[in-house]
S.K.: 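Submitted below is the structure of interest, expressed as structure tokens.
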Amino acid sequence: MTLTGEASPDATASPSGPAARAVGLVKTYGASDTVVRALDGVDIAFERGHFTAVMGPSGSGKSTLMHCMAGLDTPTSGHVFVGDQEISTLDDSGLTRLRRDRIGFVFQSFNLVPTLTARENILLPADLAGRQVDPGWFDYLVEQLAIGDRLAHRPSELSGGQQQRVACARALIGRPDLIFADEPTGNLDSNASAELLAFLRRSVTEFGQTIAMVTHDPRGAAQADRVIFLADGNVVGDLAAPTAEAVLEQMKVLGN
Amino acid sequence: MWKATVKGLLAHKLRLALTALAIVLGVMFVSGTLVLTDTLHSTFTTLFDNVYQNVNFEVRGKAAFTGSAGTAVRNPIAESIAARVRSVPGVQYADGSVSGYAQFVAPNGKAVTTGGAPTIGVSFEPNPQLSSLHLRQGKAPTTPHQVVVDAGTADKYHFAVGDQVRILLAGPPQTFTVCGIAQFGTANDLAGATIAAFDLPTAQQLFNRVGLYDAIDVLAAPGVDQNQLQRAIARVLPPGVEVVTGQTVANEQSGSINQALSFFSTALLVFAFISLFVGGFTIFNTFSIIVGQRTRELALLRILGASRRQVFRSVLGEAAIVGLVASLVGLGLGVLAALGLKALLDAFGLTIPYGPLVFQAHTVVAALVVGIGVTVVSAVSPARRAVRIAPIAAIAETQATEDRSSNRRIVIGSALAVLGVVLLAFGLTKPAIQLVGIGAIGIFLGAGMLAPLVARPAASALGRPLARVLGISGRLGRENSMRSPRRTAQTSAALMVGLALVSTIAVFGASLSRSATASVDDAVSADYIVTNGATGAAGFSQSVAAAAGRVPGVTAVSSVYNGQFEFRGSVTNLAGVSPYRLSETVTLRMDSGTGAGALAAGDLLVDTTTATSKHLTVGTVVPVKFARTGDGTLRIGGIFKPNALLGSYLVGDQVFLSHFDQPLPVAVLIRSSQGASPSGEAAVKAGLSSYPSVKVQTQAEFKKTQQAQVNQLLGLVYVLLALAVLVALIGIVNTLMLSVFERTHEIGLLRAVGMRRRQVRSMIRSEAVILSVFGALIGVAIGTGLGVAFAASLKQQGITDIVVPFTSLVVFLVLAALLGLGAASWPARRAARLDVLAAIAAE
Ligand SMILES: Nc1ncnc2c1ncn2[C@@H]1O[C@H](COP(=O)(O)OP(=O)(O)O)[C@@H](O)[C@H]1O
Ligand SMILES: [Mg+2]
């Protein structure tokens, strides 16, 4: 802790600082000769109340970045902070609590527990923590996501879009510091994608939710406040207030 | 295709090991039993061959009749026959021998007891060529006060030449001087028996054989034709006396022991079979799950051109390999198990002599056949399910729903259960124990097939309290146990069988115990009951009754004798009691005729059951036959209500003693003017202090002893059944393990959204508890039914009260829950340790 404090004075940043940030984040896989540097010294910050999109070619390290920053994976070197909490010092129990209480997730698929109903899935983190949720907030989310008539159904009885909306509700119900979404629309058709993205955008704008989302879709990225481009484990671009055209342009540049 | 099978097996070593373990234990039991019984068999055969090694012939009384235990009852022969035998040309040496009851008293004043082996006295044969007793120390007995002690007893109780030793006999106890210590060839004792050897005249005196021999052992002169000599000896023998070879006697002796051994081995094999049966359920379940999990893989194989037959063979091949590995491991462990079983029996007081382990080819064959057989047979149904997987399943989005054939299950399951009940009922009434067994198997298979129907609601109900107490992890555990009713039912089926058997024994045992004590109340009016303290021992001295009669305050004493006689041509048990002041010691409720009066007049009494079935009335004169006195008749003097202590046929002690040769009383009943009081008991004990082999008990104490005996037997059976329960638990571990692998992704998701390791563990444990309690509930229900049926079918044999021990049954359920918790601990830890990221990434 003291070491980090000296190395990076920002570690004691006030709660008004970024929701999460990484300093010199390196993640390697495999042994010496076949080593893959999935993240090659990434410095990044997700601002509070911002919707940040992460883009980059397949294999560029987007998922690895999400996992490391969400406490699902341990970095090879570098530091990750959620708020002012350095998470690389946390043990499994601390990380579990961090994920449960301060972070929300939406994955590309398999977001829901098949034996639980939609309602139970939404309440899962609160149940795990033995906490009550704000019923008004629950009703509001359910209404906003239009899943009110699906609450008693199990995931197998829901469409893909409905499943992802239930996952969003689960991510939002605890008002986490930060939501990580790794290609949440990857398996959805364009209508369902658009609805989900619009909702994510609204949750940032209307309730100040912080979201970091990986996407391949320029129109999706255009909903964000900022787009970060990754390639070969490095941040290679950073676009504020993006438009779909600007994103496409940047992708072309990087592609060449 | 074989390559795929073998690769698949190697890829899942853990699965292989767990699956095999269920069979390993059963095979271990089978081969252990076979090794143990072969070993015992060979030990006894060698033993008796050695004992009769030098005896060319034995002259003895012809068997009057063969008792129900298969042992011939013979009369002694006249001393004078020995001289006639000696005069036959070719006979080098012939000498008579006698034997009878003789029990040492240890230096601490307690009677020397064996674990069921006889405590016998013999006449010492001075000719070392003929005698199987070889003096290790000292010399042969020559005076009425000398005794030779077997080396086993001498070593154990530190008897040395020159010591004084008290010996309990049919008559009053006597003190002897140890003049020698003898071995049997190189063995210290004869199969655990204790032996006191006296000189011949003393032995004749002590064993009521004055002028008589039990047998005459003959040595042939060298070079004499054995067959001719045997015929020559036969010619000089009076009627009723025969001459047989030493080998014949050895064979008879080891034959009767081996008969007992084969009963013992059958009993153990039944338990081994139970474990294998339970193991079969586990194998069936495991393979069902594996086939389910490999649906895509198997379908892909079909797409790539594998035929149905190849898929079928691939699954059965996997089973065969598992069975083979399990059998080989089980076989190896079986040798250790043989030692373990021996130790177990020792712990329960059944002493068995021991020689080097005998490992025969049939043990290997049996191990492989049952191990591979059970595994392959159990995998047939899953293999058939694998065959039905359509190739399209490889690319289909959703997996086919299960339980399509649920109607067929209901029909077949119900048919099996009903058939089982019918066979069981038929087997119980007949009685035919094989039918009972087959019926029980039918019931278990039927229940196993029907259980999935109730598994979902049952799991839901059982899980509710868990969900309430444990919150989300309990709720998830409950949901998991409900998601596949078939898997839940199949997993718990093994435990169902185990607990059904345990409960059967519990109900049966409680009924037996209650009946045993109730029968004491019904049959005995005495204050004190004197029996031999050691279980399985012969009776005790006839003089105990007289000694008890001299105790101040004692008003009535009755010796109870037990023997066998032939009644209208069939051998059956006969009891004898003293009619004097009968009602003070024995409760005899007469249906017709008189009790004590008829006994005193020398008449036979029979119980109402016998009278009805054999159409006997008071006054009927029936033909009877006794080993010693031959044919005769007895008049029925009375008919009494069934009495568990006395059995069906009863005579007065005078009649009994006149027909039996020095019988030992099995019990002495005492009535005291002080009643059953501590002072009265102390007085009786003091009066019988010179008979340390007897145990004086009040009626209440006697009942407790009876119960303790029943409980000891139950304990042994529980221990043997524990293996089946263990196999069932392995099945639960296995299923949970497979479920954890199957739900890797889901567990990863739960961990990602914040489930703590402790919560993961408690989720898996909840599922295990639901599984085991579900199985236990059905098992206890079936077992209670079976136990009641067994007990009811033995009403004639003295199980008059049927008791359902609710406390025990509830304890079983609680125990099952705890065992389930135990079974879950490894899978739970495994699930909690899952790498979250890898779990999420797993597709
Ligand atoms: N568990 C792993 N073991 C080895 N290499 C991995 C592992 N996970 C990811 N990688 C590698 O790390 C790089 C980045 O992967 P990832 O973060 O999944 O990329 P993206 O999500 O941008 O497609 C890729 O080259 C990938 O092959
Ligand atoms: Mg990715």
Side-chain angles (χ1 to χ4, degrees), chain A residues 27 29 38 63-64 66-68 70-74 91-117 119-132 154-157 160 163 167 170-171 173-174 176 179-180 182 187, chain B residues 397-401 456 459-460 463 467-485 487-488 739 742-764 766-767 770 829 832-843:
Chain A
K27 178 72 188 179
Y29 291 109
S63 294
T64 307
M66 297 278 127
H67 294 155
C68 285
L72 283 169
D73 205 353
T74 40
D91 62 359
D92 178 80
S93 160
L95 287 174
T96 304
R97 232 169 311 141
L98 173 89
R99 292 196 299 267
R100 189 184 72 195
D101 300 338
R102 298 179 60 187
I103 290 175
F105 287 99
V106 183
F107 301 105
Q108 182 173 355
S109 62
F110 209 92
N111 268 299
L112 307 178
V113 177
T115 46
L116 298 181
T117 62
R119 174 195 295 277
E120 289 167 332
N121 265 291
I122 295 170
L123 297 178
L124 187 57
D127 274 341
L128 287 169
R131 251 195 328 249
Q132 293 298 315
R154 304 220 171 180
S156 59
E157 298 156 343
Q163 288 185 30
R170 185 192 59 209
I173 190 81
I179 290 177
F180 289 106
D182 193 350
N187 282 349
Chain B
E397 254 304 303
T398 50
Q399 307 273 320
T401 51
R456 187 189 288 273
S460 161
R468 190 154 305 146
V469 175
L470 295 175
I472 184 72
S473 13
R475 203 157 82 222
L476 283 166
R478 173 178 172 227
E479 293 293 343
N480 286 340
S481 69
M482 288 166 64
R483 70 162 74 169
S484 169
R487 179 183 297 187
T488 297
S739 297
E742 193 175 276
R743 299 176 196 148
T744 296
H745 206 137
E746 187 180 322
I747 294 167
L749 172 69
L750 286 165
R751 294 275 290 131
V753 300
M755 185 177 245
R756 311 183 68 168
R757 287 198 163 133
R758 194 170 41 76
Q759 291 173 308
V760 174
R761 282 196 294 267
S762 93
M763 173 177 78
I764 306 284
S766 306
E767 185 176 356
I770 294 170
R829 222 165 337 133
R833 289 239 185 93
L834 273 183
D835 178 4
V836 183
L837 198 63
I840 299 174
E843 208 52 68

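So that the names make sense, note that chain A is the first sequence line, chain B the second, and so on, each numbered from 1.
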S.K.: Let me know if A:Leu112 has heavy atoms under 4.5 Å from chain B in its side chain, its backbone, both or neither.
M.R.: backbone

S.K.: Non-hydrogen atoms of chain B under 4.5 Å away: do they reach the side chain of A:Arg154, the backbone, both or neither?
M.R.: side chain

S.K.: For the residue pair B:Arg483 and A:Pro114, what are the closest heavy atoms and their distance?
M.R.: NH2-CG, 4.2 Å

S.K.: Would you say A:Ser93 and B:Arg756 are linked by a side-chain donor-acceptor pair, where the criterion is simply a distance under 3.5 Å?
M.R.: yes

S.K.: Tell me whether A:Arg100 contacts the main-chain N or O of B:Met755 through its side chain, where contact means a donor paired with an acceptor under 3.5 Å.
M.R.: no

S.K.: Would you sort out whether B:Leu749 and A:Phe107 count as a side chain to side chain contact (heavy atoms under 4.5 Å, CB included), showing the intermediate values?
M.R.: CA-CA 10 Å; B:Leu749 172 69; A:Phe107 301 105; 3.8 Å; yes

S.K.: So, does A:Arg99 use its side chain to make a donor-acceptor pair with the main chain of B:Gly754 at under 3.5 Å?
M.R.: no

S.K.: What part of B:Glu746 is in contact with chain A, defined as an atom under 4.5 angstrom from a non-hydrogen atom: side chain, backbone, both or neither?
M.R.: both

S.K.: Given side chain to side chain contact (heavy atoms under 4.5 Å, CB included), test B:Arg757 with A:Thr96 step by step and report yes or no.
M.R.: CA-CA 9 Å; B:Arg757 287 198 163 133; A:Thr96 304; 5.8 Å; no

S.K.: As an exercise: rank A:Asp101, A:Leu123, A:Asp92, A:Asp73 by heavy-atom pairs under 4.5 Å with chain B and give me the winner.
M.R.: A:Asp92

S.K.: Which region of B:Arg475, side chain (C-beta onward) or backbone (N, CA, C, O), has a non-hydrogen atom less than 4.5 Å from a non-hydrogen atom of chain A, or is it both or neither?
M.R.: side chain

S.K.: Take atom CZ in A:Arg131; do more than 12 heavy atoms of anything else shown fall under 6.0 Å from it?
M.R.: yes

S.K.: Atom OG1 in A:Thr115, atom CZ in B:Arg743: separation rounded to 0.5 Å?
M.R.: 8.0 Å

S.K.: State, to 0.1 Å, how close B:Leu750 and A:Leu128 come at their nearest heavy-atom pair, and which atoms those are.
M.R.: O-CD1, 4.2 Å

S.K.: Rounded to the nearest 0.5 Å, what separates atom CG in B:Leu476 from atom CG in A:Leu124?
M.R.: 6.5 Å

S.K.: Which bit of A:Leu72 comes within less than 4.5 Å of chain B, counting heavy atoms only: side chain, backbone, both or neither?
M.R.: both

